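Quick caveat: nothing in here was measured; it's all calculated off a predicted structure.
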Protein chains: 2
Amino acid sequence: MVASRGVRHDSMRARNLAVVLGAIHRSGPHTRAALAELTGLTKTTVSSLVSDLLEVGAVTESGAVRGGERGRPGTAVSLSGHRVATLGLEINIDYLAACVVDLTREVRLRRILRAGNRNSDPAEILQSLRDLVKETTAEAEQAGLRIIGAALAVPGTVEGGVLRSAPHLGWRDVRVADLVDLPFAIDNEANLAALGELWFGSRETDFLYVSGEIGIGAGLVVGGTVFRGTFGLAGELGHVVVVPDGPACRCGGRGCLEVYAGQDALLGELPAVTSLVARLESGDRRALEACRRAGHALGVALTSAVHLLDPGRIVLGGIYAPLFPWLEGPVSEGLDGRLGHMRGTPPALVVSAIGADAAVLGAAGLVIQQVIAEPAQLLGLQDAG
Amino acid sequence: MVASRGVRHDSMRARNLAVVLGAIHRSGPHTRAALAELTGLTKTTVSSLVSDLLEVGAVTESGAVRGGERGRPGTAVSLSGHRVATLGLEINIDYLAACVVDLTREVRLRRILRAGNRNSDPAEILQSLRDLVKETTAEAEQAGLRIIGAALAVPGTVEGGVLRSAPHLGWRDVRVADLVDLPFAIDNEANLAALGELWFGSRETDFLYVSGEIGIGAGLVVGGTVFRGTFGLAGELGHVVVVPDGPACRCGGRGCLEVYAGQDALLGELPAVTSLVARLESGDRRALEACRRAGHALGVALTSAVHLLDPGRIVLGGIYAPLFPWLEGPVSEGLDGRLGHMRGTPPALVVSAIGADAAVLGAAGLVIQQVIAEPAQLLGLQDAG
DNA sequence: TCTCTTTAGTCCATAATCTGTACATAATCC
DNA sequence: GGATTATGTACAGATTATGGACTAAAGAGA
C-alpha cells in the first residue's frame, strides 16, 4: 500500500479548484458570492480560483444574475463547453464507437464503425480503433476542442488496466495501451453504461444498471460512483445462480442467470431484438413465454443482488430496455414477493433512459468526472497563475 | 447533496496530521526522517506535526534507531497505547458486551453481561448497556485512558444511525442515542465483525466475512473499508436465493440461504454449537448430513456473492468457525465447481482468526480507524499548538 | 584519540495560500 | 438623488509549509 502523501500549498489550491469547479458542476451556474457561500471559502479566494478556471477555459462568465431582490447583481460562472472535451471509446461485438463530450456533458461528436468483432484478432481491431481515434480527435480539434483524456468500454472483465477476458470477442489478457497519447482508462461495458445512465440518462445517483447483452452485466452506482469490488470484477450478474442444478452455462457453472435471460435465450433463432419486440406486440405465444421465463429468472437473481448490493433502484438497459413492457411484470413480481419485509420498500424497477450508446457516453463521462475531481492536474493548472 | 467545503490552512494541517499518524499506524514505528521520506513532507514539518501528536498522547518516542550503517541514529516515533482509547459495544441475542481498545489496538478491558435479549424491551436493555458503559469507562479512566469515541454492534439492519430492524431481538426502528456522551456510531454486527477480523484477526485488507449466527450476515471489506451499499443494508447473505421455490423463510421469501444454513437449520434441537461439534467428531450421521447440506447451500450463495461483490477471499466466522472442518469441503466444492473460468482462481476460503468477540472488537477498531483518519478532530488538536 | 563523513532533528527566513477588512461598483427602494 | 444592499476586488495580515543553515550524534579512518 502506498503511503498517502502530505498536503502542500499547491495541493491545497488544487483541492480548492476542485471544490469550486465541483460546486459549479453539481448545482448549475453560480455567482462568485454564491460559490463562496457554498464552499465556505472567502469571496477573495473564490475570485482567484475562478480566474484560474476561466484562463484554462473550464468555465465561462455568462450574463448578470440577480441574487436577492436588491443589491448589485453578480455574474454567473458556468461550465464552459467551448474548449475542454473528453473522448469516449467502445469495442463491442458488432461495432466500434467513439464520441466526444465537452465539459458540460454535451455530446459533440459520434462515430460508429460497424464490424464483426466476434472472435477477432485484437491487433487488427485495435488498429481500426486507433484510426477511429485519429479521425475523431482531428475533427474535434478543428471545432476548437482540446481533448484531455479518454476511456474505453469493453465487453469483458478488466483488471488493473488490462483486458483480462472478453469471451464474446474471444480475447484474453490483452494490454490496451498506446491507443491515445493522453490520460487513459479502460473499464467494463456494464460499469461505463451505468455511468452513462447516471450522467446522460436519469441522473439518479444510486442504482444498479443491468446491461442485457449477449452476456448480462451490472454496474452498481452508489453516491455517483461505481462500485468495482476488489479486482474490478464486481457486478457479474449474469452468473448469479438461479437454479442450483440447472443447465450448464458456458462459464462452467450451472443454472446461471445468463442461461435463462441472456440474449441467446431470449432471441433464440431471431436475428435481433426488434424482431422479438414485433412478435411480442403481435401476441406470439412462444415469445411471450420466453420473456416471462427470463423475467422470472431475472427477478430471482435481482433478489440476491438487492440483498448483497443494496442498490437505490434497478435500471434495466441493453436489450432489456425495449423488452421492458413485457419484463416488468414478472421481474417485479419476483422481486416484491421475495424481498419480503427485510427492507422498507423494494427498490424501484425502471427502464434505462438512454439507448445503446450508454457505454461510450459513460466512458467519456468518466473522464469528465476525473477532470471535475482533479482539475489542476488534468487541465495543466499546476503551475499557472 | 451537501457541497464539499473548501480547504483552509487548518484543514491542511489536519490532513497532514492524519497523513503522518496514518504512516506510523500503517508501517510501524518510524523516525521523523523516515516519515518525511514516506509522506513527502519536509523534516521540519514532520517534526512540528509529531510534536503536536506527542502532546495529545497519540504517539510516543521510543529508543534510538539506527537507519543506515552510519550517521546519527533517529528516535522512533510509535503509536502510544497509554492515553487514547475507544469503546466497543455489542448487543447480541444472549449477551451485552463492551471492550476498551487503545490506539495500538491492544485490548485493555472486556466486559460481558449474559442476558436473554430475545424479544426484549429496548428501553430496558439500553439501560443495562448504559450501566455497562459507565462501569467500563470508569475503570478505563482509572487506568489513565481517555476514551474518545464509541461504536455499537447490533444484530440487525442500521440505516442513518437508527436501528431499523433486529428481528431476533424483536426490535424495530429504535433510535439509539445518548448512550454515551462521545462521538458515537452504530452498525450491523456482520460489518463490524468483518472489521474485527481485519484489525484483530488475519489483517488481510480484502475479504468477505461471513457471520454465521441465528441469521447469516456478511461484511465486505475492500481495501480496508467496509462496503455498505446505498442505505447501509448491503451484505444480507442470509437471504440470497439458493432454491427459487424452496421452503418459506421468515423474511417472506423462499429458499433463502438462512433456511438451509442458519443456526436453527444446523443445530436443530441441539442447545449449542459445541454439542454439534461433539456429534460431528463422533461421526454422527445426521449431524454430518446437516453440515453437508448447509455447506452445499453456502457454496451456492457464495458463488452468487463472489460474482456480485468480487471479494479478495472468503472468511467464515461465527458458528461457522468451529464447524469449518466439516463445512470447508462442501463449500469450496460448490464454489470451485461453479465459478468456472470467469476469474483466474476462486477466492480462498479460510476460517476466521478470531472468535465470538469479533464484532465488539471491530466496533472499537472502527473508532480507532476514525481517529487515525481524522486525528485533529477527535483528539482536539484543532486549536492546539 | 582526533578528524571526517553521514544522518537526524531543529532554527529561521522565505514562500504560498487563504482570511478579513476596506472599498469600488451596480442594482433597487423611496 | 440618496439610502440600502449586494457583488467583486485590493491589500495587509495570518497560517502553514519549504529550504538551507546549523547542531547533534554516531561510525570510519588515520
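Checking side-chain atoms of Thr104(B) against main-chain N and O of Gly81(B) turns up no donor-acceptor pair under 3.5 Å. Judged by distance alone, the side chain of Arg5(B) and the main-chain N or O of Leu38(A) form a donor-acceptor pair under 3.5 Å.
Closest to the side chain of Thr44(B), from the set dT16(D), dG27(D), dC12(C), is dC12(C). Among dG9(C), dG8(D), dT21(C), the nucleotide with an atom closest to any side-chain atom of Ser47(A) is dG8(D). Ranking dA24(C), dT18(D), dC18(C) by closeness to the Arg72(A) side chain, first place goes to dA24(C). Across dT10(C), dC18(C), dA17(D), the shortest atom-to-atom separation from the side chain of Arg32(B) is found for dT10(C). Side-chain atoms of Arg70(A) lie closest to dC29(C) of the nucleotides dA17(D), dC29(C), dT9(D). Candidate nucleotides dG9(C), dG8(D), dT19(C) were compared by shortest atom distance to the side chain of Thr31(A), and dG8(D) ranks first. For Thr45(A), the listed nucleotide lying nearest its side chain is dT19(C); candidates were dT19(C), dA17(D), dC12(C).
Applying the 3.5 Å distance criterion, the base of dT16(D) shares a donor-acceptor pair with the side chain of His9(A).
In this structure, a donor-acceptor pair under 3.5 Å is present between the side chains of His25(A) and Arg105(A). In this structure, a donor-acceptor pair under 3.5 Å is present between the side chains of Thr42(B) and Thr45(B). Using modelled atom types and a 3.5 Å distance limit, the side chains of Ser11(A) and Arg15(B) yield no donor-acceptor pair.
If you take CG of Asp52(A) and C1' of dA16(C), they are 13 Å apart, rounded to a whole angstrom. What separates CG of Asp10(B) from P of dT17(C) is a distance of 17 Å, to the nearest Å. Regarding Met12(A), its CE atom lies at a distance of 17 Å from the P atom of dA14(D), rounded to whole Å. Between the CG atom of Leu41(B) and the C1' atom of dG9(C) there is a distance of 15 Å, given to the nearest Å. Taking atom CD of Glu37(A) as the reference point, atom P of dT19(C) lies 14 Å away to the nearest angstrom. In this structure, Leu17(A) places its CG atom 13 Å from C1' of dC18(C), rounding to the nearest Å.
Contact annotation for Thr75(A): backbone-only contact, meaning every heavy-atom pair under 4.0 Å involves sugar-phosphate atoms and none involves a base.
A salt bridge is defined here as a Lys NZ or Arg NE, NH1 or NH2 lying under 4.0 Å from an Asp or Glu carboxylate O, and Glu61(B) with Arg32(B) meets this definition. Between Asp187(B) and Arg228(B), at least one side-chain nitrogen of the basic residue sits less than 4.0 Å from a carboxylate oxygen of the acidic one, meeting the salt-bridge criterion.
Between Arg13(B) and dA17(D), a side-chain N or O to OP1/OP2 separation shorter than 4.0 Å is present. Residue Arg8(B) places none of its side-chain N or O atoms closer than 4.0 Å to OP1 or OP2 of dT15(D). Note on Asn16(B): a side-chain N or O is less than 4.0 Å away from OP1 or OP2 of dA17(D).
Heavy-atom nearest nucleotides on DNA chain D were determined for Gly71(B) and for Lys43(B), and the one closer to the 5' end corresponds to Lys43(B).
Between its opening and closing five pairs, the helix from dT1(C)-dA30(D) to dC30(C)-dG1(D) changes axis direction by 10°, a value rounded to 10 degrees.
Within the 4.5 Å cutoff, the side chain of Val77(B) has no heavy atoms near those of the Thr31(B) side chain.
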